[in-house]
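I have placed the structure first, in the form of structure tokens, so that the comments after it can refer back to it.
Numbers restart at 1 for each chain; the letters A, B, ... are given by sequence-line order, proteins then strands.
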Protein chains: 2
Amino acid sequence: MAMRKQVADKAGVSEATVSRVFSGSEAVKPKTRDRVLQAASELGYVPSELARQFAKRRSGNIGVVLPYLPKVQLFSTYYFSEILGGISEAAREHGADLLLLQRSPDERREYELLFRQRKVGGLIVLGARDGEEEREALLELERNGHPYALVNQRMDGLERRTVEADHLEGSRLATAHLLEQGWSRPAFIGGPPDYSNSRDRLLGYRDAMSAVGADRIEPLVGNYSRKSGLEMAAAAARLIRGGEADALAAANDRMAIGLLQGLRQLGLEAGRDYGLAGYDDSDGARLTQPALTSVSASFDEMGRLAAQLALGELKRPPGKLPPRLVERESSRRRGV
Amino acid sequence: MAMRKQVADKAGVSEATVSRVFSGSEAVKPKTRDRVLQAASELGYVPSELARQFAKRRSGNIGVVLPYLPKVQLFSTYYFSEILGGISEAAREHGADLLLLQRSPDERREYELLFRQRKVGGLIVLGARDGEEEREALLELERNGHPYALVNQRMDGLERRTVEADHLEGSRLATAHLLEQGWSRPAFIGGPPDYSNSRDRLLGYRDAMSAVGADRIEPLVGNYSRKSGLEMAAAAARLIRGGEADALAAANDRMAIGLLQGLRQLGLEAGRDYGLAGYDDSDGARLTQPALTSVSASFDEMGRLAAQLALGELKRPPGKLPPRLVERESSRRRGV
DNA sequence: CTGTTAGCGCTTTCAT
DNA sequence: ATGAAAGCGCTAACAG
């Protein structure tokens, strides 16, 4: 299997030259180059990526850490596949491969280990939370100068590593839209505050309310699952029936959909009895009846940027990506 | 960075012994073992996975090939993430890592190359089609004795490598269910016949129809996207209004949802004017109004099995996995 | 532009 | 049970 030797002989060159031809790094005379390529193709020789990585002491892989996703789906699969798509494209352009690291429930976050094992040359952490353990693991990467990226999660001191959309602005857009549609008292349905994301979205809601001098309503808090949306429906119905709120700005689509379904069972229809807006513009937003108004952030673009950070190709992310409102029926005022 | 040497010195053993301790292959006296482990942990030594793989001439990775997914989504992200979840679990149990290989639109299918490059030690192909190029690429794996697995796609001569659910039975279940609910003339909405899957589902429909001596209606054919469902709505409406059909058994949820939405615009409601069943029991089935009756196959279990095949741990897949009918409102006859 | 020569950090005989 | 030594298939100086 010392195939490279054979190729070298056949082309009448040394093994080093064969190597040069394939790595493309150094200059080789076109003529010898062709001879080598010819010989290689005849013999069916392909360099071992493994040996190459070993010799260079670096794996060309970029690791993607996915959070543990139990049956109760907090995130939509849509969200991750969009991001993954973007990562995948950028990685391909740089000849990097993706190592998928699905987190198990117990498992410690030993991100640095992945680098020491030479399994990855860069890391992207999806669905990180703002906790002590996570921060510790990330700080260790920082200390060792390992390239990594966080998506949609800011952490103190690690801002340079975060790729995100301007979720404050996105949430503001959604709330402002509800107000423009003539719903005068939108309430906010938020997510767990250990995602910076959740906090931003709440702030956006407040901004929009302040801008028109509207009273803020105490937000309901769910966990981003559809189930939690269903569970909050009763409380939301009370707000609506009691006249305290006439619209709901949810921090993600899944909760919005749960609310839409739960409120329907209680006799309240989105677009007729209250205005509803979600966030993420997931697949599901197009499937409900009425279709869900939502906010779209370019997840694939975020994936691309994260990959560039993890490849060390980008020093720090550009500003926050601008979200866009996607208007559908759930927020429009239908005749009664 | 010749860290292993330091560990060896500190523990008073040779480098070979350090290696033995970490690879766990050969027997080492417990006492020396402990000394080595102690020294290693003090020095923060971790063996390079890259060097190990190189020395063994095999990467422990299992590659997962994902089809190119353009904007128009033919498959649901749900489908792939369920399968990936199963693969990921099984891989973890065997200490293998997942290399994600997203296919680009143009790219040739050079599966065998991945093995020669030593990038993967096993391969799982998702979303394969029954075409000449695909078959050729797979046959080459077969010839070279490389372990791989196909998910939900049978191909002549490669049956041993296919993990799938019994989609004929699943489709039969769905159609039979519609008949039991009192819809006497269900029509079938199929997918492209270059998926064995599509052909099986059509057969299942026919079986169920034959079993009750019902006349088969000429099936409509879409491409598994919601859009194609929307586009077929007009034709479906004609069938229903013309009295030729009173129910629809769709080959997947996305088309079913498109039909449900398209038919609604034409004034026809699922569960009232016609019965509707989808297939896959995707996330979306729970989001529509009425909720979609569907057929659930254990995608994560299929992922597990595929991983075992790709790891060479399973010689051939067990029989086809049994699907299960999930009854919701779209197929139930509501009072008019 | 090309050949020579060391490694890269492990695993794996083969001895002892 | 452990040590010594020879690779694994490349890259990377260093010459020429």
Side-chain angles (χ1 to χ4, degrees), chain A residues 1-40 43-61 95 97 113-121, chain B residues 1-40 43-61 95 97 113-121:
Chain A
M1 194 53 103
M3 185 141 279
R4 201 176 52 151
K5 174 77 176 119
Q6 299 173 33
V7 173
D9 289 351
K10 186 156 192 162
V13 297
S14 72
E15 293 191 48
T17 297
V18 176
S19 191
R20 287 185 181 107
V21 168
F22 280 96
S23 59
S25 50
E26 290 172 72
V28 177
K29 200 194 314 187
K31 243 184 155 169
T32 41
R33 198 185 113 86
D34 289 347
R35 279 213 316 282
V36 169
L37 252 24
Q38 178 63 25
L43 289 151
Y45 166 79
V46 179
S48 154
E49 200 54 40
L50 206 50
R52 168 174 287 169
Q53 292 176 352
F54 171 62
K56 300 180 117 141
R57 278 177 289 300
R58 45 184 232 81
S59 121
N61 299 332
D97 283 310
L113 196 60
L114 296 168
F115 283 91
R116 281 201 307 205
Q117 289 177 139
R118 307 274 133 127
K119 279 194 176 180
V120 306
Chain B
M1 195 56 101
M3 184 142 281
R4 201 177 52 154
K5 174 79 177 114
Q6 300 173 33
V7 173
D9 289 351
K10 185 155 194 163
V13 297
S14 72
E15 293 192 48
T17 298
V18 176
S19 189
R20 288 189 179 104
V21 168
F22 280 96
S23 60
S25 50
E26 290 171 73
V28 177
K29 202 195 310 187
K31 240 180 158 171
T32 41
R33 199 186 112 85
D34 289 349
R35 279 213 315 282
V36 170
L37 253 23
Q38 177 63 27
L43 289 154
Y45 166 79
V46 179
S48 154
E49 200 53 41
L50 204 50
R52 168 173 288 168
Q53 292 176 351
F54 170 61
K56 300 181 119 138
R57 278 174 291 298
R58 42 183 232 82
S59 123
N61 299 332
D97 283 309
L113 195 60
L114 296 168
F115 284 92
R116 281 201 307 204
Q117 290 178 138
R118 310 273 136 141
K119 279 193 177 181
V120 306

Integer-rounded Å distance: D:dC8 C1' and A:Met3 CE: 15 Å

5' precedence on DNA chain C between B:Ala16 and B:Phe54 (nearest-nucleotide basis): B:Phe54

Between P of D:dG9 and CG of B:Leu50, the distance in whole Å: 15 Å

A:Val18 and A:Tyr45, any side-chain heavy atoms less than 4.5 Å apart: yes

Selected nucleotide, minimal atom distance to B:Lys56 side chain, candidates C:dT12, D:dC10, C:dG3: C:dT12

Atom pair distance, as rounded to whole Å: CD in B:Glu15 and C1' in D:dT2: 14 Å

Among C:dG7, D:dA12, D:dG7, the one nearest B:Ala55 by side-chain distance: D:dG7

Sugar-phosphate only, base, or nothing, as touched by B:Thr17 at under 4.0 Å among non-hydrogen atoms: sugar-phosphate

Sugar-phosphate only, base, or nothing, as touched by A:Ser14 at under 4.0 Å among non-hydrogen atoms: base

Minimum heavy-atom distance A:Arg58-B:Leu50, with the two atoms named: C-CD2, 3.9 Å

Rounded distance (Å) that lies between atom P of D:dG3 and atom CG of B:Asp9: 11 Å

Whole-Å gap separating P (C:dT11) and CD (B:Gln53): 11 Å

From C:dG3, D:dT2, D:dC10, nucleotide with atom closest to A:Pro47 side chain: D:dC10

Minimum side-chain heavy-atom gap A:Lys119-B:Glu49 below 4.5 Å: yes

Under 3.5 Å donor-acceptor pair, A:Arg57 side-chain atoms to C:dG7 base atoms: no

Phosphate-side-chain proximity, B:Thr32 and D:dT2, N/O vs OP1/OP2 below 4.0 Å: yes

Pairwise 5' ranking along DNA chain C for B:Arg20 and B:Tyr45, keeping only the more 5' one: B:Tyr45

Geometric class of the A:Phe54/B:Phe54 ring pair [parallel <30°, tilted 30-60°, perpendicular >60°]: parallel

Test item: A:Arg20 side-chain N/O and A:Val28 main-chain N/O as donor-acceptor pair under 3.5 Å: no

Length of the NZ-C1' vector between A:Lys119 and C:dG9, whole Å: 16 Å

Closest nucleotide among D:dA4, C:dG9, D:dC10 to the A:Arg4 side chain: D:dC10

Interatomic distance, A:Lys29 NZ vs C:dG3 C1' [rounded to whole Å]: 14 Å

B:Val28 side chain, from C-beta outward: closest of D:dA4, C:dG3, D:dT2: D:dT2

Value in whole Å for how far the C1' atom of D:dG9 lies from CZ of A:Phe22: 13 Å

B:Val13 or A:Ser23, whichever maps to the more 5' nucleotide of DNA chain D: B:Val13

Selected nucleotide, minimal atom distance to B:Ser48 side chain, candidates C:dC10, D:dG9, C:dT4: C:dC10

Note: A:Arg4-A:Glu15 ion pair, threshold 4.0 Å (strictly below): yes

Side chain of B:Ser19 (C-beta onward), nearest among C:dT11, D:dC10, C:dG3: C:dT11

B:Arg52, nearest nucleotide to its side chain (from D:dG3, C:dG9, C:dT11): C:dT11

